[in-house]
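Following: one structure in structure tokens, then a few remarks.
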Amino acid sequence: MQDAYDPTAVEREAQRFWADRASFRSVEDPAKPKFYCLSMFPYPSGKLHMGHVRNYTIGDVLTRHYRMRGYNVLQPMGWDAFGLPAENAAMANKVPPARWTYSNIATMKGQLKSLGLALDWERELATCKPEYYRWNQWLFTRLFRKGLAYKKTGVVNWDPVDQTVLANEQVIEGRGWRTGAPVEKREIPMYFLRITAYAEELLAALESLPGWPEQVKLMQKNWIGRSEGVRIGFPYQLENQERVLWVFTTRADTLMGATFMAVAAEHPIAEHAAQHDPKLRAFVEECKRGAVMEAELAQIEKKGMPTGISVTHPLTGESLPVWVGNYVLMGYGEGAVMGVPAHDERDFAFALSYRLPIRQVIAVAGEAFDDQQWKPWYEDKEHGACVNSGRYDGLAYQAAVDAIADDLSAKGLGEKQVQWRLRDWGISRQRYWGCPIPIVHCPSCGDVPVPDEELPVKLPEHLVPDGTGNPLARLPEFYETRCPSCGQSAKRETDTMDTFVDSSWYFARYACPDQDRAMVDARAKYWMPVDQYIGGIEHAILHLLYSRFFQRLMRDEGLLDVAEPFTNLLTQGMVLAESYYRDAEGRREWVHPSEVEVERDAKGKIVSARTRDGKDVVYDGIGTMSKSKNNGVDPQALIDKYGADTARFYIIFASPPTNTLEWSDESVEGSYRFLKRLWSYGLKFSRAEKSQSLHKELRFEIHSVLRQANYDLSRYQFNTVASAAMKILNALERLPADRGATAEEGLSILLRLLSPITPHVCHYLWRDLQFGQDIMRAPWPEPDPAALEQDEVELVVQVNGKLRGSIKVPKAADRAAIEGIALANPNVQKFVGGQDVKKVVVVPGRLVNVVV
RNA sequence: GCGAAGGUGGCGGAAUUGGUAGACGCACCAGACUUAGGAUCUGACGCCGCGAGGCAUGAGGGUUCGAGUCCCUCCCUUCGCACCA
């Protein structure tokens, strides 16, 4: 054993040992319980960032822990390799996205290897390879024939200068990121996947996921958004034709309070009215120009304009004006809403600014209505009852909804309806670096799916996009083709798929990445579902919902048995860092934190900060690591300086997996120090005399810490497992210097407990100190019940809930005896001081509280 | 705007069910060793107070023998919002 801890040498040796024995190759084995542990695969953006390191370290801790517990574990890795950044890099460097992507994969694979992750690299896949994406295409053609994939128009951001579609991310304050031109909305034909057909099942099955965080299930539930309400028709006349304006509402009980209607700018009524009214046309155009993004739409000032058209209230016959409202979404419900100012906050504000009538139709006992001031109870359907509503007066929410729905139904102007917030998934992207949509447009046959024998539709890899539309659309060799059905010349679809399609089923493909005759084979039925999935909380809705959807699509193709892809889900927090900037003539110049020296006051608050060469910088608080704020910490530099074990230990120790992790270079030092101490202890141990000496107290301590650590592992609280390892080392260092029985046992426990977190150094010490050949094959440590036995227990004594002392009582002592000992305690006597003891609360094993 | 989560020392965090607030670390401080130390080791370390003691878990209120934990009101931060992945 070397005197000094040399992580480079230790890690090289451990990694060679694993590679020589193919330690992480996983083979289907029905005799053993399986454990499929998966971290979200990375986008090959260039280099690993700390978020990756955190994600994969967490997954590796679980993987190694389950291996030692005897499970047949699979932990694979691959690349989410299609996407927008490759096109941006291509434009900047004039290099095809393919070359950029493959080179990034090579770099990042090397980095992942240096982390010592227990990955089965033989199952590696990349979504940009035809062997992978042909199955996207294969499934798409199946869905198309079933009607689960279909074509309709969808709205996109249009940059009028570059003549190209922009991603939401490329729209900065309503303008194109490259051209600065105001972005327009444009409707184009697109393919959609009918996820709404599975809405009911996706919602109901959330109940069957006890291994998912409640938070995520709740977000998905709200996203799917099932609401029960009434579809209501408001008849009107247009060009001497009888028509009906339909709306959906969950508050049919307030129908008698409707004083206006509001429709989206894209609604046929708005389009019609705008034809004859230039002002209205301008307004409709303005609404259409605005944002596509819902977050932005929801925050714009609520504006409206009357259409001059009126509809008839279905129950009262009253005439109601129809307005165009910029806050009404065409994509949800009917693209029209009834305006009930008295009982909807948005309608209230709208009515106030446009002086529309406000009519109270719900009352809550003891509350007065004020038509100038909104109060939350106006929306209270729990305690309200109808007023000013004719025959519905006095009815509570449900009774009123039922009665009104019945009356509407009798007139053919309404019925109860279930409405979903979830919309079908538009997967067409007008981009090059993605999976081609396997459709041929034939002048006679229409949209024809590409037959199986012609799959895959290969994406040419040599193109370089230039930011003005999709280069595939300018490549005749790609789009000129024949109709698979009638043989005449036809045009191939040039749109590619949303990259979320690629990532919605990769987890099943890992089971059989070499299968070239089917999307997945029987091996997928062995490994699926994923037992533990780990990834960022930012994927809580979209990626996870799409994956649940795809799992069901594949189930319904007979490819998989189970409906849910991920049994247990761990959502890790983001990695954050401080950021600093220098004012450079009004522009912020971001300075990397490693170049900043900070001065703190006696309480540690930052007083001033300056660069190493003395220029003042401004502290901008803590936030996600990003290129734009120049505050990223390079994992590679960390590994080069301290080794992978220190990086892994720090990341696990600094914060529980679900919290954000605030980066601190100083704390990394602390982790390194711990591993050096572990090494020194191993060295001392290797040179000490063997003895049989047993240390009862420290043995109790080690086993108590181990018991807690095992509990913490089961609840994913890995930071306290790392603490437990430190506590055990602290205990070992308090032992006499010989190699006694307690030291032997304690170190064996420590190395095994720590090995999932810092596998290299534990592997090395385990062998070198002759505990065994391969620590991964050692059994997981369990506390010895005998070591946890105690004759006496310590209880805390309080007087009126305040801590006044502690007592030791025999383990078997009864309540009366404990009370007696507690009251006899001199400090307790002092605070009782002759007052009447009203009550003594005894909590066995914990405390005694004397109430006076 | 809507949906979700979170606020505990100078900092990261700990405290299974309501039961000793601050485990384990970082930083800072003092000391030892040393030619030297940004290595290593030892000790101290929530705030106020000489002390006895008092006060402290974002703010304010409540329930309880006892509240970081439960309830109500408010404030702040982070994530998602359908074309970033």
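Per chain, numbering begins at 1; letters A, B, ... match sequence-line order.
- Rounded to a whole angstrom, the distance from the C1' atom of B:rU16 to that of B:rG68 is 15 Å.
- Distances from the side chain of A:V796 to the nucleotides B:rC26, B:rG19, B:rU20 place B:rU20 closest.
- Using cut-offs of 30° and 60° for the angle between ring planes, the A:W425 and A:Y546 rings count as parallel.
- Candidate nucleotides B:rC83, B:rA21, B:rG19 were compared by shortest atom distance to the side chain of A:L803, and B:rA21 ranks first.
- Comparing the C1' positions of B:rC75 and B:rG60 gives an interatomic distance of 11 Å, to the nearest angstrom.
- Side-chain atoms of A:Q572 come within 3.5 Å of backbone N or O of A:N55 as a donor-acceptor pair.
- Ranking B:rC84, B:rA27, B:rC24 by closeness to the A:K727 side chain, first place goes to B:rC24.
- The side chain of A:R431 lies closest to B:rC83, out of B:rA82, B:rC79, B:rC83.
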Intermediate values then yes/no, side chain to side chain donor-acceptor pair (under 3.5 Å), A:Q717 and A:Y711: CA-CA 9 Å; A:Q717 192 169 282; A:Y711 173 72; over 6 Å; no

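- Base engagement by A:A295 is indicated by at least one non-hydrogen atom pair under 4.0 Å involving a base atom.
- B:rU17 and B:rU69: their C1' atoms are spaced 10 Å apart (whole Å).
- Side-chain N/O atoms of A:R421 include none lying less than 4.0 angstrom from OP1 or OP2 on B:rA82.
- B:rC74 sits 24 Å from B:rC55 when the C1' atoms are compared, rounded to a whole Å.
- For A:T499, a side-chain nitrogen or oxygen approaches OP1 or OP2 of B:rA85 to under 4.0 Å.
- Of all heavy-atom pairs between A:Y650 and A:S664, the closest is OH-N, 3.1 Å.
- Note on A:M497: nothing from the nucleic acid sits closer than 4.0 angstrom, heavy atoms only.
- With distances taken from any side-chain atom of A:L542 to the nucleotides B:rU16, B:rC81, B:rC83, the minimum falls on B:rC81.
- Mapping A:E169 and A:Y650 onto RNA chain B by nearest heavy atom places A:Y650 closer to the 5' end of the strand.
- The side chain of A:R423 places no N or O atom within less than 4.0 Å of a non-bridging phosphate oxygen (OP1 or OP2) of B:rA82.
- The listed nucleotides are B:rA85, B:rA82, B:rA23; the one nearest the side chain of A:N168 is B:rA82.
- In this structure, of B:rC83, B:rG13, B:rG12, it is B:rG13 that holds the atom nearest to the side chain of A:N659.
- Nucleotide B:rU17 forms a pair with no other nucleotide shown, judged by Watson-Crick or G-U wobble geometry with both contacts under 3.5 Å.
- Taking only side-chain nitrogens and oxygens, A:N88 never comes nearer than 4.0 Å to OP1 or OP2 of B:rC84.
- To the nearest whole angstrom, the two C1' atoms, one in B:rA21 and one in B:rU8, are 8 Å apart.
- Residue contacts shown for A:Y43 are limited to sugar-phosphate atoms, with no base heavy atom under 4.0 Å away.
- Dashed line: the shortest gap from a side-chain N or O of A:N222 to OP1 or OP2 of B:rC2 is not under 4.0 Å.
- Ion pair A:E214/A:K221 not flagged as a salt bridge, since none of the NZ, NE, NH1 or NH2 atoms sits closer than 4.0 Å to an Asp/Glu carboxylate oxygen.
- Distances shorter than 4.0 Å separate none of the side-chain N or O atoms of A:K217 from OP1 or OP2 on B:rA5.
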Pair A:F41-A:W79, ring-ring contact (aromatic ring centres under 6.0 Å, His included): steps then yes or no: CA-CA 6 Å; A:F41 64 169; A:W79 310 96; 8.8 Å; no

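- Among the atoms of the strands shown, none is found under 4.0 Å from any heavy atom of A:P42.
- A:S671 comes within 4.0 angstrom of no nucleic acid atom, judged by non-hydrogen atoms across all strands.
- A side-chain donor-acceptor contact under 3.5 Å links A:W433 to the backbone of A:A81.
- Without hydrogens or angle criteria, A:Q220 side chain to A:A540 main chain gives a donor-acceptor distance under 3.5 Å.
- Among the heavy atoms of the strands lying under 4.0 Å from A:Q708 is at least one base atom, whether or not backbone atoms are also near.
- Taking 4.0 angstrom as the limit, A:T720 places none of its side-chain polar atoms (N or O) nearer than this to OP1 or OP2 of B:rA14.
- Looking at heavy-atom distances under 4.0 Å, A:F674 makes no contact with the nucleic acid at all.
- At a cut-off of 3.5 angstrom, counting only N and O atoms as typed in the model, there is no donor on one side facing an acceptor on the other between the side-chain of A:R804 and the base of B:rU20.
- Nucleic acid contact class of A:H539 (heavy atoms, under 4.0 Å, all strands): base.
- A close approach under 4.0 Å does occur between a side-chain nitrogen or oxygen of A:K676 and OP1 or OP2 of B:rU40.
- Base pairing of B:rU73 is made with B:rA59, judged by Watson-Crick or G-U wobble geometry with both donor-acceptor distances under 3.5 Å.
- Side-chain proximity of A:D498 to the nucleotides B:rA14, B:rC83, B:rA5 is greatest for B:rC83.
- The nucleotide B:rG80 finds its pairing partner in B:rC2, both defining distances of the Watson-Crick or G-U wobble pair being shorter than 3.5 Å.
- The distance between atom CZ of A:F653 and atom C1' of B:rC24, rounded to the nearest whole Å, is 5 Å.
- At a threshold of 4.0 angstrom between heavy atoms, the contacts of A:Q717 are confined to the sugar-phosphate backbone, with no base atom among them.
- Contacts of A:F500 with the nucleic acid, taken as non-hydrogen atoms under 4.0 Å apart, include base atoms.
- Residue A:Q299 is in base contact, counting any heavy-atom pair closer than 4.0 Å across all strands shown.
- No hydrogens or angles were tested; on distance alone, a donor-acceptor pair under 3.5 Å links the side chain of A:N849 to the base of B:rC65.
- Note on A:N730: only backbone sugar-phosphate atoms sit closer than 4.0 angstrom, heavy atoms only; bases stay farther off.
- Counting distance only, with no hydrogens placed and no angle test, the side-chain atoms of A:Q430 and the base atoms of B:rC83 include a donor-acceptor pair under 3.5 Å.
- At the phosphate of B:rG53, OP1 or OP2 sits under 4.0 Å from a side-chain N or O atom of A:K830.
- Under the 4.5 Å side-chain criterion, counting only non-hydrogen atoms from C-beta, A:L847 is not in contact with A:V797.
- Of the candidates B:rG19, B:rA14, B:rC84, the closest approach to any side-chain atom of A:A167 belongs to B:rC84.
- Within the 4.0 angstrom heavy-atom criterion, base atoms lie near A:L847.
- B:rC24 is paired with B:rG12 under the Watson-Crick or G-U wobble criterion, all donor-acceptor distances under 3.5 Å.
- OP1 or OP2 of B:rA15 sits under 4.0 Å from a side-chain N or O of A:R715.
- A:L422 comes within 4.0 angstrom of a nucleotide base, judged by non-hydrogen atoms across all strands.
- Judged by a 6.0 Å distance limit and a 45° cone about the ring axis, A:K303 is not positioned over the six-membered ring of A:Y327.
- Comparing the C1' positions of B:rG12 and B:rG46 gives an interatomic distance of 16 Å, to the nearest angstrom.
- Rounded to whole angstrom, the span from the CD1 atom of A:I537 across to the P atom of B:rA5 amounts to 10 Å.
- Proximity note for A:L84 (side chain, C-beta onward) versus B:rC84, B:rA82, B:rA27: the nearest is B:rC84.
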